[in-house]
Each structure stands twice: as C-alpha cells, then as structure tokens.
Peer 1: 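Following this message is one structure expressed as structure tokens.
The chain is numbered in sequence order, starting from 1.
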Amino acid sequence: MGESTGPAVMALGALPSLAAAGSLVWAVACRRTEVRQRLARLARPTAVCAALSLITSFAPLRAGSGWKLAEAALLSLLVAVVTRWSREDHLAWALPSAALAVTLWPLPLVTGDSFLESIGIGTFWLLPVAAAVAAGAYPRRQELRRRRAVAEARSAQRLQLSRDLHDFVAHDISGIVVQAQAARFVAATDPAHAVLALERIEKAGLSALAAMDRTVRMLHGPEAAATEPLPDVSQLRPLVENFTAAGATEAHLDLPHPVTERLSREAGSVAYRIVVEGLTNIRRHAPDASRATVAFTPTATTVELRITNDRGAARTSARRVARGGGLGLPALTGHAQALGGTLTAGPHGDGGWQLTAVLPAAPPKGKTP
C-alpha cells in the first residue's frame, strides 16, 4: 500500500471527512427547536462515515494522512454527540464502528512494525474515542438522573395527594353523609335536630374544603405545601368530639399531656392520620358500634396508640383484611415503619376491632433512654 495524490484518490480520501462534517452541519443548521431531534438521529450517519473511513484506510490507493487526521477528529466529535443524544439501541452499532475507524486508520501507514507496536498504536488512538464517549456519557447520565429525580418527585407528590385525600377529605365526606342521612330521617319529626345536623354538615364541608385547598397548594410546589403544617395530636380533641356528635358511636379520647410534647411533628402528624383513619373505618364499617376509644400510652421510648371499638366491625373488617386492606392502612403502615414504628389491626373482644400503632418518642424530660 502507499499514499497517492491523484485527484480521484484525494476525492475518495476526503469523502469520509466531508460526510462527517456534512452530518454535523445538517444537525445544527436548522431551527433551534429541531436541533436536539436531529442530534439524536446522527447514529446512522456516524456508522456510515465510519464504514467509509475503514474502506478508504485499507484501500489499495490512499490519500494523505492529513485527511485521516481530520476524519479521526470529526468521528470523535460524532462519537461524543451520538453518546449524548442517540437512543441506547443505536449506540450498540454506531459506537463500535466509529471506534474501529479511529483506532485502525494509522495501521496501514506503519508497515513493518511488530504486532505489539501495532497494538500500542491502536490503543493510543483509542484514547480520543474513550474521551469522546466520556464527554457524551457524563451529561447523558446527569440528564437521566435529573429525569429520574423529577419522576420520583412527581410520584411522591401524587402519593402524598392520594393520602391527603383519603386521610382527611374522605373522613369529612363520610361525616357529611352520616349527618345527611340522620337529617333526612328526623327532618319531619324533629326539625331542631335536623338544623344541628345541617350545621355539622357545614362544618365538615368547610373542613373538607380546607383539606382540598391544602392539597391543591401542594401541587404548586413544596414551598406552597410547607406554608401550612399538617394537623397533629394537639388537634385530636375536637376531631373526636365532632365524631361523637356526628353519629351513634360515642368516642372517648385518652391523651396524656406528655404525649404531645414527646412526639415529633412528623410522628404527631402520623398519629393524627391514624386516628382519622381509625374513626373513618368505624363510621364506615361499624356504624352500629356504641363506643370507640382512642388511647395514647407513653412508654420510655415510644407512644402506643390504640383505637378500639366494640361490636359491629368484626365481619366487615375481616373481609377488608382478606382483601389485603384498603388504601389507608397500608399507607399508614408505611408511614409508621418509616419512623421506626409499627401499625397492626385485628379483631378485639366480643366482635370489636382494634387498631394499634407504636411510634417512637423522645424520652421523658429529665430522663435518658
């Protein structure tokens, strides 16, 4: 083999360089909104340019090494662009061909050298390809991480939205339904009781609207959601009183004062959600229960929460467990476990039901764990 300077040979030697340069010009010489789409379609032109480079490198008559250096530079640039923008399935056949073209082009020019020297030359020219792959792979990886983070944030936001709707709005709506049913039956015989029911319906509706407003603000970003803290155990007393007033079940709250101080804000919010879920389930699945108890029991390092109701829930609750539970309990179980606690539910006493949660708590003042 030898170099030739004839016009035809020079034109053939310039063809891979011109094809690579033309591909890059085609990708960027368009409207700004289309550049990324064209850059993502450079894998096939890169493979074609690499094939032309290999053909001209090992042809019987070859152009000067100047064109081959230009080819190596342009192919390395294409490798970086393809690595950054092309689809993963296109990389499998575009990158190896370009790497071979850049790595092997000097070998026909160094005839007579040993095999090891040829390997050394090929390895040296493989370095620009590796650098081009790294230059394209780093921003590609960063973009993938950013997209994954955005997708995870959106998923967490949707999950939080569903939890808020279930934990708070569903509780208020179920209270509205109970009050509306009661008002319908007593409206003709006891108008005063119906008026009280309508007042409770109004109050529950306003509470549901407030929860909806908080949820909608959460959709506008974490800063907007953080402006209004979620309810905690300090707001349980009116919740239990409203539950008793809204139905036939009399609910009692046992909340020792140290509990409020020892639970963190996050644990207090989870405890509030658990109570809301427990009372809502009693209203839905044990409407004939005569008594419900919400009791907090502090220990050295935890606070135990028990929500218990008497007869009326066993059959329905058993069906819920057999189906794997509803939306609320599995989510709240995850909340409790994330804090290092537990949540269980099961039959209790003579046809009753009990929801038990154990949440971590700060040690009592003046004591160390």
Side-chain angles (χ1 to χ4, degrees), residues 152-172 204 206-243 251-281 293-307 327-345 355-369:
E152 291 175 353
R154 289 177 177 174
S155 177
Q157 190 179 60
R158 287 193 297 267
L159 181 60
Q160 184 64 37
L161 172 63
S162 67
R163 287 172 177 172
D164 279 357
L165 290 175
H166 180 276
D167 293 346
F168 300 125
V169 179
H171 174 79
D172 293 324
L206 292 175
S207 178
L209 287 175
M212 288 290 293
D213 288 341
R214 182 174 62 248
T215 302
V216 170
R217 283 195 296 271
M218 183 189 68
L219 295 177
H220 291 280
E223 296 82 4
T227 58
E228 182 179 347
L230 290 173
D232 56 17
V233 292
S234 63
Q235 299 169 263
L236 283 177
R237 196 163 301 279
L239 174 72
V240 174
E241 292 174 354
N242 292 335
F243 175 83
H252 296 268
L253 175 64
D254 182 8
L255 179 61
H257 179 69
V259 170
T260 305
E261 299 177 349
R262 294 181 56 193
L263 285 177
S264 66
R265 176 171 294 276
E266 186 176 10
S269 175
V270 171
Y272 183 92
R273 288 175 180 267
I274 292 173
V275 174
V276 170
E277 174 69 13
L279 295 180
T280 302
N281 285 342
T293 302
V294 179
F296 288 83
T297 304
T299 65
T301 58
T302 63
V303 168
E304 184 182 76
L305 165 60
R306 291 182 183 271
I307 305 172
L327 172 65
L329 289 180
L332 290 173
T333 301
H335 270 309
Q337 291 175 348
L339 294 175
T342 61
L343 189 148
T344 58
L355 180 64
T356 304
V358 178
L359 300 175
K365 291 183 178 180
K367 296 183 179 181
T368 57

Peer 1: Are T356 and E304 packed together at the side-chain level, in the sense that at least one heavy-atom pair is separated by less than 4.5 angstrom?
Peer 2: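 Side-chain contact under 4.5 Å: yes.
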Peer 1: By side chain to side chain contact (heavy atoms under 4.5 Å, CB included), which residues pair with P256, not counting sequence neighbours?
Peer 2: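 Listed in chain order: D254, P258, V259, F296, P298.
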Peer 1: Atom CG in L355, atom CG in L305: separation rounded to 0.5 Å?
Peer 2: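 Between atom CG of L355 and atom CG of L305 there are 7.0 Å.
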Peer 1: Applying side-chain contact (heavy atoms from CB on, under 4.5 Å) between T260 and each of V233, V303, D232, report the one that passes.
Peer 2: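 Result: among V233, V303, D232, V233 is the only option passing the side-chain contact (heavy atoms from CB on, under 4.5 Å) with T260.
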Peer 1: Is L255 close to R237 at the side-chain level, that is, under 4.5 Å between some pair of heavy atoms?
Peer 2: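 Touching, per the 4.5 Å side-chain cut-off.
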Peer 1: Check L359 against A267 and note the closest heavy-atom contact, atom names and distance.
Peer 2: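 Here L359 and A267 meet closest at CD1-O, 3.7 Å.
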Peer 1: Of all residues at least two apart in sequence or in a different chain, which pass the side chain to side chain donor-acceptor pair (under 3.5 Å) check with T299?
Peer 2: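 Expected list: T302.
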Peer 1: Over all heavy atoms of both residues, which pair between L263 and G268 is shortest? Give the atoms and the distance, please.
Peer 2: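 That would be CB-N, 4.2 Å.
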Peer 1: Go through the structure and list residues passing side chain to side chain donor-acceptor pair (under 3.5 Å) with S264, not counting sequence neighbours.
Peer 2: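 Residues passing side chain to side chain donor-acceptor pair (under 3.5 Å) with S264: none at all.
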Peer 1: Would you indicate whether the side-chain heavy atoms of T344 and T333 approach each other to under 4.5 Å?
Peer 2: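 When only atoms from C-beta onward are counted, T344 and T333 do not touch, as no gap falls below 4.5 Å.
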Peer 1: Out of the candidates L236, V270, T280, L253, only one should pair with V275 under the side-chain contact (heavy atoms from CB on, under 4.5 Å) rule; please name it.
Peer 2: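 Among L236, V270, T280, L253, the one that satisfies the side-chain contact (heavy atoms from CB on, under 4.5 Å) with V275 is L236.
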Peer 1: Rounded at 0.5 Å granularity, tell me how far CG in L343 sits from CD in E277.
Peer 2: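 With rounding to 0.5 Å, CG (L343) is 9.0 Å from CD (E277).
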Peer 1: Ignoring hydrogens and angles, tell me if any N or O in the side chain of R262 forms a donor-acceptor pair with the backbone of A300 under 3.5 Å.
Peer 2: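 Side chain of R262 to backbone of A300, a donor-acceptor pair under 3.5 Å: yes, one is there.
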Peer 1: Contact between L279 and L239 at the side-chain level, heavy atoms closer than 4.5 Å - yes or no?
Peer 2: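 Yes; the side chains approach each other to less than 4.5 Å.
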